[in-house]
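For reference, the structure discussed in these notes is given below.
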There are 2 protein chains.
Amino acid sequence: MHAPDGDRLAALAALLADPTRAQMCLALLDGRAWTAGELARHTGVGASTASDHLSRLVGGGLLAQERQGRHRYVRLADTRAAHLVETLAAQAGPAPAGERPRSLRTASADRALARARTCYDHLAGRLGCAVTEAMTHRGLLRQDTGFALTDAGLAWFAEQRIPLPRTGRRPLVRACLDFTERRPHLAGAAGAALCRHALERKWCVPAGTGRALKVTDHGEHLWREALGIDAAALR
Amino acid sequence: MHAPDGDRLAALAALLADPTRAQMCLALLDGRAWTAGELARHTGVGASTASDHLSRLVGGGLLAQERQGRHRYVRLADTRAAHLVETLAAQAGPAPAGERPRSLRTASADRALARARTCYDHLAGRLGCAVTEAMTHRGLLRQDTGFALTDAGLAWFAEQRIPLPRTGRRPLVRACLDFTERRPHLAGAAGAALCRHALERKWCVPAGTGRALKVTDHGEHLWREALGIDAAALR
DNA sequence: GCGACGCTTCGGCCGCCACCGCACGGTGCG
DNA sequence: CGCACCGTGCGGTGGCGGCCGAAGCGTCGC
């Protein structure tokens, strides 16, 4: 006999306790919607197997799906689900260097990810941490007694013409532990707004098929102007 | 073939994907060290089964153990592990009312837990949320732009003679989503210090064998004096 | 020293589940 | 209309893991 709470916790954890499902959720951390076939090929399992996994993840509330024609698009259900995957992935940590198969391809992909990437809907990697660090250093973000924007920080967002949604249940600011840097970076609604702004204005652009980002030439100038970040030093 | 990160995430999730192990971790959220036998009885499995589960949890880094004589004491490894269990449990949520076996015993135990309890090492339940709410209302805690103590909040801790450790990698303040209230309450080093202070000064005392707390008569006066909290209204 | 007790190790059993191949229905395209 | 394609349902298979009971080991107390 088990306590109901234990059963529910176990059921939730079981969704991520399979390597294939875990890898699917990690792929979906890029914030986009993938088709079932894409995820099947990405994880290297048959279509029927992937379909089964996706049904379980959707049923468990971790994923949301939309059907369009003959495609089944699937994405992380909400920011809470994304936060959950992030938290567990951060705790699990990257595989020790010796364990992972090294090749020129994967090594350079890893370096690109460590440099700059999205984490669901906000900036991560060295770029994300540099942004967080710079905002803290300039008194826009307070980290010594928690993790919150200061009044100067609010003014900075207004100055940059980055709209901050004050509505909704989503917290404005949240700390997200960076996979590779092992330091917190800015998440929450403000982190998402900043990321969207940077992508729209082409301060950085997606690099490759995954979550990696690349700072553009004119973005390099703008990052320095806005926050004093030397993007070249991130390489 | 799976990405190493996916495998590691799955391995971590698998630790909590079993109802018995999940219930063990929930029990350990009270912050105390339990013996293997206590956990075996609590979860209703045989001693050998419990031993096996504990070995896996320790091996996975979620639990830490100390052997004393013929006893094996086990506790959550660190605040990160506790935070992980809390996060998953909050996301899993309480079982719908219809599903759980109702009895007078469990119903009154549930009410006691909802009123006031510890959450690993800080205050939770209606009491924990009331404390957080009161601190926010008094300008000691800022929740509108994140979750951080204000300068007035730091002064309040000093005034109350509650020592705040400024050392260590543990964040001073963290928001922890309350199981029952579905609102954030104060966690982190400051939350733990406040809880320790309240227990030492007998503002509240453990009630029963679990994590439930009870506000004492003289505590009722002190909560009002310190933060304007009407402890009687929590009942 | 001897029994009681707490925990662990070892087999063995059983059920669950991840996976595949195949057949089928539904959609889009020519 | 017919073909290509994406996704789903089903039966079967293999392996992993949760569970127990029994035997063994160390510790504590009398």
Side-chain angles (χ1 to χ4, degrees), chain A residues 1-4 6-28 32-60 62-75, chain B residues 1-4 6-28 32-60 62-75:
Chain A
M1 181 195 60
H2 293 110
D7 287 356
R8 289 177 66 89
L9 172 51
L12 176 61
L15 291 178
L16 293 169
D18 174 79
T20 302
R21 283 196 296 271
Q23 203 184 346
M24 286 175 167
C25 291
L26 287 176
L28 289 166
R32 296 180 313 183
W34 293 49
T35 69
E38 284 172 339
L39 285 171
R41 282 186 296 277
H42 183 254
T43 53
V45 298
S48 60
T49 303
S51 175
D52 200 17
H53 282 312
L54 292 179
S55 295
R56 292 187 59 160
L57 289 168
V58 170
L62 227 49
L63 264 47
Q65 60 181 351
E66 289 164 36
R67 314 192 94 106
Q68 278 180 24
R70 56 181 169 181
H71 290 284
R72 179 197 208 175
Y73 283 97
V74 84
R75 57 184 166 74
Chain B
M1 183 194 58
H2 294 109
D7 287 356
R8 288 177 67 90
L9 172 51
L12 176 62
L15 290 178
L16 294 169
D18 174 78
T20 302
R21 283 196 297 272
Q23 202 183 348
M24 287 174 166
C25 290
L26 286 176
L28 290 166
R32 296 179 313 182
W34 293 50
T35 69
E38 284 171 339
L39 284 171
R41 282 185 296 277
H42 182 255
T43 54
V45 296
S48 59
T49 303
S51 176
D52 199 18
H53 283 312
L54 293 179
S55 295
R56 293 187 57 160
L57 288 169
V58 170
L62 228 47
L63 265 47
Q65 62 180 350
E66 289 164 38
R67 314 192 94 106
Q68 279 181 25
R70 55 181 168 181
H71 291 282
R72 177 198 210 176
Y73 284 97
V74 83
R75 56 181 166 76

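Below, read A as the first sequence line, B as the second, and so on, with proteins coming before strands; counting in each chain starts at 1. Bear in mind the structure is a predicted one, so any value in this text is a computation, not a measurement.
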B:Q23 CD to D:dG18 P, in whole Å, measures 15 Å
On the side chain of B:T35, is there an atom forming a donor-acceptor pair with the base of C:dG6 - under 3.5 Å, no angle test?
no
Does a side-chain heavy-atom distance below 4.5 Å link B:D18 with B:H53?
yes
Name the nucleic acid region contacted by B:A47, choosing base, sugar-phosphate or nothing; use a 4.0 angstrom heavy-atom cut-off, strictly under.
base
Measure NE2/B:H53 against C1'/D:dC19 and give the value in whole Å, please.
8 Å
Need one value for A:S55: base, sugar-phosphate or nothing, where a base atom within 4.0 Å counts as base even if backbone is also close, heavy atoms only.
nothing
Describe the nucleic acid contact of B:R21 in one word from base, sugar-phosphate, nothing, applying a heavy-atom distance below 4.0 Å.
sugar-phosphate
Between P of C:dT8 and OH of B:Y73, the distance in whole Å:
14 Å
So does B:R72 get a side-chain nitrogen or oxygen closer than 4.0 Å to the phosphate oxygens (OP1/OP2) of C:dG6?
no
Taking atom P of C:dG15 as reference, at what distance in whole Å does atom CG of B:D18 sit?
17 Å
Residue closer to the 5' end of DNA chain D, B:S48 versus B:R56 (nearest nucleotide)
B:R56
Between C:dC29 atom C1' and A:H71 atom NE2, what is the distance in whole Å?
12 Å
Taking all heavy atoms of B:L57 and all of B:L15, pick out the closest pair and write down the distance.
CD2-O, 3.8 Å
If you fit an axis to the five pairs at each end of the helix from C:dG1-D:dC30 to C:dG30-D:dC1, how big is the angle between those two axes, to 10 degrees?
30°
List the atom of A:T35, the atom of A:H71, and the distance in Å for their closest heavy-atom pair.
CG2-ND1, 4.0 Å
Heavy-atom nearest pair, B:R21 first then B:A14, reads NH2-O, 2.9 Å
Can you figure out which of D:dC20, D:dT8, C:dC19 approaches the side chain of A:T49 most closely?
C:dC19
Nearest whole angstrom, please: distance from the P of C:dC13 to the CG of B:D52.
18 Å
So which nucleotide from D:dG7, D:dC20, C:dC20 ends up closest to the side chain of A:A36?
D:dG7
Calculate the interatomic distance between B:Q68 atom CD and C:dC5 atom C1'; express it in whole Å.
16 Å
At their closest point, which heavy atom of A:A40 faces which heavy atom of A:G46, and how far apart are they?
CB-O, 4.2 Å
In terms of heavy-atom contacts, A:L28 and A:R75 come closest through CD2-CA, 4.1 Å
Check the phosphate of D:dG7 against A:R67, side-chain N and O only, distance under 4.0 Å to OP1 or OP2. Yes or no?
no
Between D:dC19 atom P and B:L39 atom CG, what is the distance in whole Å?
14 Å
Counting side-chain heavy atoms from C-beta on, which of C:dT8, D:dC19, D:dT8 comes nearest to B:S51?
C:dT8
On a plain distance test, is the side chain of A:R70 in donor-acceptor contact with the base of D:dC5 below 3.5 Å?
yes
Is the shortest side-chain heavy-atom distance between A:L12 and A:L62 below 4.5 Å?
yes
Considering all heavy atoms of both residues, which atom of A:A27 and which atom of A:H42 are nearest to each other, and what is their separation?
CB-CE1, 3.7 Å
Measuring to OP1 and OP2 of D:dC19, would you say a side-chain N or O of B:T20 lies under 4.0 angstrom away?
yes
